[in-house]
Number of protein chains: 2
Amino acid sequence: MKTGAARVPTFAGEECDMSTWDAGKCPVRDVMDQIAGKWSTLLLQALADKPYRFGELRRLVPDISQRMLTQTLRDLQRDGYIDRKVFPTKPPSVEYSMTPLGLSLFEPLKRVLDWAEANHASVKAARVKFDESELA
Amino acid sequence: MKTGAARVPTFAGEECDMSTWDAGKCPVRDVMDQIAGKWSTLLLQALADKPYRFGELRRLVPDISQRMLTQTLRDLQRDGYIDRKVFPTKPPSVEYSMTPLGLSLFEPLKRVLDWAEANHASVKAARVKFDESELA
DNA sequence: AGTGCTAGTCTCTTTTTGAGACCAAAGATC
DNA sequence: GATCTTTGGTCTCAAAAAGAGACTAGCACT
């Protein structure tokens, strides 16, 4: 068998040729590669609550650099999850808010985040156990 | 207001001081930082189907480097999502499989992946629209 | 004896990310 | 009126992470 068309059921139950899982061909990877960023879920979570301005988000997530905040927000905007409104105030202010698409994404995403919070202890325990066995 | 304790509802409905969102203190970030890797969801998806061996996974995901495959698998194992079994065959083979914890995580995660597949078209459309307006 | 399979590791290069300076205009401060 | 602050960024440079490919070991098959 020479890399012969390995098939794995996709999430929707259909099949997907994983050997063609180049980020552009597989819908799931194409979408997930963006969501799976270090800051994406964090910003989506914040904006799911209410709209925020650039500076507010920067203060909200203390350890994000302005550079990555700018870039992540633009990527999320590009994929249609968030909306960017510029207000022509004295120093122009910019407000970011969720789009309907972003909110619909956040629905299932929130379940994963809920899981993370609920199972944090189990994960930490697994880590300790793993690190101990590695120590040997 | 000097970075005054911004509070945002957490996923479980509780509140979480986001200014203390250092990856170690916020459970969600601690867990998500691992899951949100480029390859993590991909490998979890594959293993949710059935156990795979190292080489099988490498062939399954054509554009992952051995280096990252090794590392991602070890990280997933460390967090308790997958199990690693070594068989003392002629050339020793290693089988990776989901743990109960991993399967329980994959349940909500699958919903996000389903969403990604279902809404791929909308995302692509948003990208085109964004890129066109940028062009101006 | 040579080749290939296994699951990795090691090194080197390229990409991504983080830290911090810099920007321009208006308002407040002194 | 000169300076400082605040706005949302961009630009540059250093550090960290990821990708590419060579290399390892023991055994089987030819």
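- Following rounding to the nearest Å, Arg59(B) (CZ) and dA7(C) (C1') show an atom-to-atom distance of 12 Å.
- Scanning both residues, Glu95(A) and Pro51(A), for their nearest heavy atoms gives CD-CB, 3.7 Å.
- Of all nucleotides listed (dG27(C), dT7(D), dC5(C)), dG27(C) comes nearest to the side chain of Lys90(A).
- Asp83(B) CG to Gln77(B) CD: the interatomic distance, rounded to the nearest 0.5 Å, is 7.0 Å.
- Rounded to an integer number of Å, the gap from Leu69(B) CG to dG21(D) C1' is 16 Å.
- What separates OH of Tyr96(B) from C1' of dT6(C) is a distance of 12 Å, to the nearest Å.
- Listed nucleotides: dG27(C), dA7(C), dT9(C). Nearest to the side chain of Thr70(B): dT9(C).
- As rounded to whole Å, 15 Å separates atom C1' of dT9(C) from atom CG of Leu73(B).
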Revision key, fill the gap. Counting primed atoms, P, OP1 and OP2 as sugar-phosphate and everything else as base, the B/S/- map of nucleotides 15-21 of chain C against protein heavy atoms under 4.0 Å is --BBB--

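- Trp115(B) places a side-chain heavy atom less than 4.5 Å from the side chain of Val31(A).
- Nearest to the side-chain atoms of Val94(A) among the listed nucleotides dA7(C), dG8(D), dC5(C) stands dG8(D).
- In this structure, Arg74(A) atom CZ and dG8(D) atom P are separated by 15 Å, rounded to whole Å.
- The CZ atom of Arg58(A) sits 10 Å away from the P atom of dT6(D) (whole-angstrom rounding).
- We find that Arg74(A) and Asp79(A) are not joined by a salt bridge, their nearest charged nitrogen and carboxylate oxygen being 4.0 Å or further apart.
- Side-chain atoms of Leu73(A) and Leu57(A), non-hydrogen and from C-beta on, do get closer than 4.5 Å to each other.
- For the residue pair Tyr52(A) and Leu60(A), the shortest heavy atom distance occurs at CZ-CD2, 3.7 Å.
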